[in-house]
Structure formats: structure tokens, C-alpha cells
Amino acid sequence: MSNHQKRLSAPNSWPIERKEQTFTVKAGAGPHGESGVPLLIVLRDVLGYVDSRKEARYALDHGSVLVNGKAVSDEARPVGMFDILAFAEREEYYRVFPGEGGRLSLTPIDEEAASSRLGKVDGKTQVAGGDFQYTLHDGTTLVSEDGSYAGGDSLVVDNETKEVVAHFPYEEGALVTAVAGSHSGEIGTVEEITVSAGSGDNAVSVSQDGDDGGFETIEEYVVVIDENFTDGGDDE
């Protein structure tokens with residue numbers, strides 16, 4: 001199987017130039033599915049820390065790049081929405097955040113904020129013993145005694161302990177960001193949630209301050225965040 005991906009057919013979320021070259025690196029197996037961006041693209045095309053795949057491998061072999069608190073050695077490892085990238089030697093920390101047009105971007109954050117990450121609850125089941133298993137947007141699973149978390153809620157998870165340190169319910173009045181669609185990257189407050197009577201997607205009306213007014217999108221495209229996510233501060 002080829003290790004290359006044609007730039008023109010790469011997902012829209014990949015922050016790359018489409019016409020400079022024919023191929024780029026192909027994302028490896030891992031979290032975020034097809035929307036995940038290979039770490040090499042982040043290091044080379046976004047941050048400019050390396051010039052080649054060889055340089056990326058050298059940096060990763062020295063354990064200098066952390067994703068969600070763990071050293072990563074595979075340059076094709078997919079990076080996606082709300083992942084935390086840490087470069088301790090540089091004292092630089094970033095959160096992957098939705099950008100305009102659906103492209104992923106990096107938001108600088110402080111070291112304290114980099115100790116945890118946000119995940120949207122996509123699934124919930126009760127397991128043997130009475131605990132609850134939650135599946136997050138990137139495929140991560142968590143087991144908790146707390147059964148109060150619901151689909152669409154957001155959880156802030158400590159990178160080291162894997163414990164939930166904050167819970168943001170998905171409800172009217174919640175602060176959200178659009179992560180896909182024509183309003184990707186926009187932030188506002190949920191004004192109304194319209195539940196579909198059939199099999200269609202639930203609709204969400206989001207209000208915004210100022211001249212923007214607001215927008216409407218589908219439930220799948222919004223993620224509840226905390227106001228600190230808009231300024232790089234602590235997630236708690």
C-alpha cells in the first residue's frame with residue numbers, strides 16, 4: 001500500500017497547499033478517521049519545524065513531540081480536532097481547533113491548558129458492574145461511574161490520569177464552536193435545538209454578538225466549549 005496521498009484529493013481539513021506538489025504523506029491508522037491530519041504535515045507545512053520526512057522522524061525518535069501527553073514516534077499519526085500538541089523543549093503548546101473552511105488550525109495555549117483535552121461524547125453504553133463507557137469524537141473510550149454525561153456533551157479529560165476534570169452539557173445557552181460545514185470555526189451560543197421528527201439531523205440555531213447575528217447548522221457540526229478555549233487559557 002502506498003505511503004502517499006494526492007494533495008488534490010486530501011480531505012478539506014488538511015492545512016496544505018493543493019497545487020505545489022502532486023503528493024503528500026498519507027495518514028496512518030489511528031484516531032479521528034479520515035479527518036485526521038498526519039503529524040508530518042503539522043510539523044512541516046504548518047509549523048515549519050522540519051523540512052522533510054527524515055527530519056521529522058529524527059525529531060520524533062528523540063521524544064520531543066507529545067500528542068495528548070504522550071510521545072509520538074510515527075510521523076503519519078493522525079492529529080485532529082482538540083488534540084493537544086506539546087513541544088516541551090521549545091515551551092510551546094497548541095490545541096488543534098477548527099478553522100475557516102473546515103481546515104484545522106493550531107491555537108497557542110499555556111502549559112496548564114495543555115495538561116488536558118476536550119472530547120465530544122458520541123456514544124454511551126452501560127458496562128458490566130454498572131459503570132458507563134463513553135466514546136468520544138476521536139474514537140477514545142472512557143469508563144466512568146458517572147452516568148450523567150449525555151451524547152453531545154463535552155468532557156475535558158486529564159492527559160495523564162484520563163479522569164474527567166470538566167463537563168460542559170449540550171443544551172440551550174451552551175457556548176459552542178462549529179467544527180464542519182460553512183460556519184466552521186465560528187463560535188456562538190446555542191439559542192435553540194430543533195429535534196427532527198424523522199431520521200434527519202437535529203438543527204441548531206446559534207446566536208452571536210455583534211454584526212454576525214448568528215447561524216444555523218446541524219447538531220453533528222457543533223461542539224460545546226468553554227470560554228477559555230477562545231483565548232488559550234486553562235480548560236477547567
Determine whether more than 12 heavy atoms belonging to other residues, nucleotides or ligands lie under 6.0 Å from atom CD of Gln133. yes
For the pair Asp45 (side chain) and Val42 (backbone), establish whether a donor and an acceptor sit closer than 3.5 Å, ignoring hydrogens and angles. no
With distance as the sole test, does Asn159 use its side chain to make a donor-acceptor pair with the main-chain N or O of Ala114 at under 3.5 Å? yes
What distance do Arg44 atom CZ and Glu75 atom CD have between them, rounded to the nearest 0.5 Å? 10.0 Å
Does Asp146 form a side-chain hydrogen bond (donor to acceptor under 3.5 Å, both in side chains) with Ser144? I'd like the steps, not just the answer. CA-CA 5 Å; Asp146 194 335; Ser144 173; 5.4 Å; no
Is Val223 reachable from Val165 through a run of hydrophobic residues whose side-chain heavy atoms are each under 4.5 Å from the next? yes
hydrophobic_cluster_shared for Leu155 and Phe82, side chain cutoff 4.5 Å: no
Main chain of Met81, side chain of His137: is a donor-acceptor contact present, judged purely on distance under 3.5 Å? yes
4.5 Å side-chain heavy-atom contact, Leu39 and Leu60: yes
Is any side-chain heavy atom of Val204 closer than 4.5 Å to one of Val206? yes
Which atom pair, heavy atoms only, marks the closest approach of Leu104 to Val79? CD1-O, 4.0 Å
CZ (Arg90) and CG (Leu47) are apart, to the nearest 0.5 Å, by 8.0 Å
Minimal non-hydrogen separation, Gly63 against Leu66, with atom names: O-CD2, 4.4 Å
Using the ring centroid of each side chain, check whether Phe87 and Tyr93 are separated by less than 6.0 Å. no
Given the rule that I, L, V, M, F, W and Y join up when any side-chain heavy atoms are under 4.5 Å apart, are Val157 and Leu118 in one cluster? no
Given side chains that start at C-beta, do those of Lys70 and Asn68 come closer than 4.5 Å, heavy atoms only? no
Derivation and outcome, salt bridge (Lys or Arg N to Asp or Glu O under 4.0 Å), residues Arg117 and Asp138: CA-CA 12 Å; Arg117 66 188 181 91; Asp138 60 357; 2.9 Å; yes
Can you list, pair by pair, the side-chain donor-acceptor contacts under 3.5 Å of residues 166-177, counting residues two or more places apart and other chains?
| residue | atom | partner | partner atom | Å |
| --- | --- | --- | --- | --- |
| His167 | NE2 | Asp153 | OD2 | 2.8 |
| Tyr170 | OH | Glu219 | OE2 | 3.0 |
| Glu172 | OE2 | Ile193 | N | 3.4 |
| Thr177 | OG1 | Glu186 | O | 3.2 |

4.5 Å side-chain heavy-atom contact, Asp83 and Tyr94: no
When you measure from the side chain of Ser184 to the backbone of Gly181, do you find a donor-acceptor pair of N or O atoms at a distance under 3.5 Å? no
Interatomic distance, Leu40 atom CG to Glu55 atom CD [nearest 0.5 angstrom]: 10.5 Å
Can you tell me how far NE2 of His183 sits from CD of Gln208, rounded to the nearest 0.5 angstrom? 8.5 Å
Determine whether Val190 and Tyr221 fall in the same hydrophobic cluster, where Ile, Leu, Val, Met, Phe, Trp and Tyr are linked whenever their side-chain heavy atoms lie under 4.5 Å apart. no
Quick check: closest heavy atoms across Glu216 and Ser205, and the distance to 0.1 Å? OE2-OG, 3.4 Å
Of all pairs that satisfy side chain to side chain donor-acceptor pair (under 3.5 Å), the ones with a partner from residues 118-131, not counting sequence neighbours: none
Keeping the roles fixed (side chain from Ser64, backbone from Ala59), state whether a donor-acceptor pair exists under 3.5 Å. yes
Give the cluster check for Val222 versus Tyr149: same hydrophobic cluster or not, with ILVMFWY residues linked at side-chain heavy-atom distances below 4.5 Å. no
Return the minimal non-hydrogen interatomic distance between Pro108 and Leu106, and the atom names on each side. CD-O, 3.7 Å
Among Val224, Leu142, Leu136, find the one that has a side-chain contact (heavy atoms from CB on, under 4.5 Å) with Val121. Leu136
Salt bridge Arg95-Asp110, side-chain N to carboxylate O under 4.0 Å: no
For Asp158 and Ser116, indicate whether the former's side chain and the latter's backbone hold a donor-acceptor pair under 3.5 Å. no
